[in-house]
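Since the structure comes first, as structure tokens, the remarks are kept for the end.
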Amino acid sequence: QDLKKRTKTFALECWRLCKLIPKTREYDAIVRQLKDPHVQLLHIIDLQWAKSDRDFINKLKIVEEEADESQFWLEFLYEIFEDEHEEIQRLIKESDELIAITVASVKKVKGRL
């Protein structure tokens, strides 16, 4: 439940950041990618429907992949968008933590197998 709440907050904060980015062709692709953390949230919600530990791990790996992708785009944006360095750095840190939680969860479930 905590992971679900944190991911929802992360998705909302990425969305809010996207609203601050200039609406130009150069930034358009990045903004589209950064609005994707909601996909990560949908996969976390989907975890409750896992049919087995292996299915649960597969779903978690998708969450990890989505979080890693979001982090890449945040780091990319950090390099080119100086006006919001503090907020972007905070989101990168949160992304790090979400990835760490996901990786730890995968290891824990794998340990049961």
Side-chain angles (χ1 to χ4, degrees):
Q1 200 64 5
D2 184 47
L3 182 59
K4 182 178 168 182
K5 183 178 179 181
R6 283 181 72 172
T7 303
K8 180 179 179 184
T9 300
F10 177 71
L12 285 168
E13 289 172 347
C14 284
W15 183 79
R16 287 183 185 117
L17 175 66
C18 287
K19 288 174 54 176
L20 301 175
I21 297 171
K23 289 158 183 51
T24 64
R25 190 175 62 127
E26 293 81 14
Y27 288 110
D28 188 49
I30 298 168
V31 168
R32 275 188 271 120
Q33 292 296 323
L34 268 179
K35 286 184 178 178
D36 279 351
H38 73 278
V39 174
Q40 183 181 339
L41 177 60
L42 295 174
H43 288 293
I44 287 173
I45 292 168
D46 198 33
L47 288 172
Q48 67 186 335
W49 304 110
K51 295 174 181 31
S52 66
D53 281 347
R54 290 193 194 284
D55 188 31
F56 190 80
I57 289 170
N58 287 336
K59 291 177 187 306
L60 274 174
K61 294 300 281 177
I62 293 169
V63 170
E64 179 184 352
E65 185 179 320
E66 295 289 338
D68 191 50
E69 190 175 311
S70 295
Q71 185 173 29
F72 170 81
W73 288 109
L74 285 166
E75 290 170 351
F76 188 84
L77 191 60
Y78 183 85
E79 296 294 325
I80 59 174
F81 192 56
E82 295 177 7
D83 293 347
E84 295 297 327
H85 268 182
E86 188 175 316
E87 177 63 8
I88 295 168
Q89 189 62 45
R90 192 182 64 71
L91 288 170
I92 290 170
K93 183 176 184 279
E94 179 64 7
S95 180
D96 273 339
E97 291 177 16
L98 290 170
I99 291 168
I101 291 167
T102 305
V103 169
S105 298
V106 168
K107 287 180 181 178
K108 183 177 179 179
V109 177
K110 278 185 177 180
R112 291 193 308 228
L113 294 178

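Predicted model, so just to flag it, every value in this text is computed and none were measured.
Inter-residue side-chain proximity for Glu26 and Ile80 is flagged as unmet; no heavy-atom pair is nearer than 4.5 Å.
The environment of NZ in Lys23 is crowded: more than 12 heavy-atom neighbours from other residues, nucleotides or ligands sit within 6.0 Å. Other residues, nucleotides and ligands contribute more than 12 heavy atoms inside 6.0 Å of the CZ atom of Phe72. The number of heavy-atom neighbours closer than 6.0 Å to CZ of Arg90, taken from other residues, nucleotides and ligands shown, is above 12. Heavy atoms from other residues, nucleotides or ligands lying under 6.0 Å from CD of Glu13 number more than 12. Enclosure of atom CD in Glu82 is not indicated, since only 12 or fewer non-hydrogen atoms of other residues, nucleotides or ligands lie within 6.0 angstrom.
For the ring-ring contact (aromatic ring centres under 6.0 Å, His included) condition, the pairs that include at least one residue of residues 79-113, sequence neighbours left out, are Tyr27-Phe81, Tyr78-His85.
Here the straight-line distance linking atom OG1 of Thr102 with atom CD1 of Ile57 works out to 13.0 Å at 0.5 Å rounding. Atom CG in Leu77 sits 4.5 Å away from atom CD1 in Ile21 (nearest 0.5 Å). Here Thr7 contributes atom OG1 and Glu94 contributes atom CD; the two are 8.0 Å apart, rounded to the nearest 0.5 Å. The OG atom of Ser70 sits 11.5 Å away from the CD1 atom of Ile92 when rounded to the nearest 0.5 Å. Atom CZ of Arg112 is separated from atom NZ of Lys108 by 7.0 Å, given to the nearest 0.5 angstrom. Interatomic distance, CD of Gln89 versus CD of Glu75, reported as 8.5 Å (0.5 Å rounding).
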Intermediate values then yes/no, salt bridge (charged side-chain N to carboxylate O under 4.0 Å, His left out), Arg6 and Glu97: CA-CA 10 Å; Arg6 283 181 72 172; Glu97 291 177 16; 2.6 Å; yes

Side chain to side chain contact (heavy atoms under 4.5 Å, CB included) assessment of Leu12 paired with Arg16: CA-CA 6 Å; Leu12 285 168; Arg16 287 183 185 117; 3.9 Å; yes

Residues Glu65, Lys61; criterion salt bridge (charged side-chain N to carboxylate O under 4.0 Å, His left out); working and verdict: CA-CA 6 Å; Glu65 185 179 320; Lys61 294 300 281 177; over 6 Å; no

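The minimum heavy-atom distance linking Val106 with Leu60 is given by the pair CG2-CB, 3.6 Å. Taking each heavy atom of Leu91 and Phe10 in turn, the nearest pair found is O-CE1, 3.4 Å. When all heavy atoms of Ile99 and Ala67 are compared, the pair lying nearest together is CG1-CB, 3.5 Å. Residue Asp55 comes nearest to Ala50 through the heavy atom pair OD2-CA, 3.3 Å, listed as atom of the first residue, atom of the second, then distance.
Clustering ILVMFWY residues whenever any of their side-chain heavy atoms sit less than 4.5 angstrom apart, transitively, puts Phe76 in the very cluster that holds Leu74.
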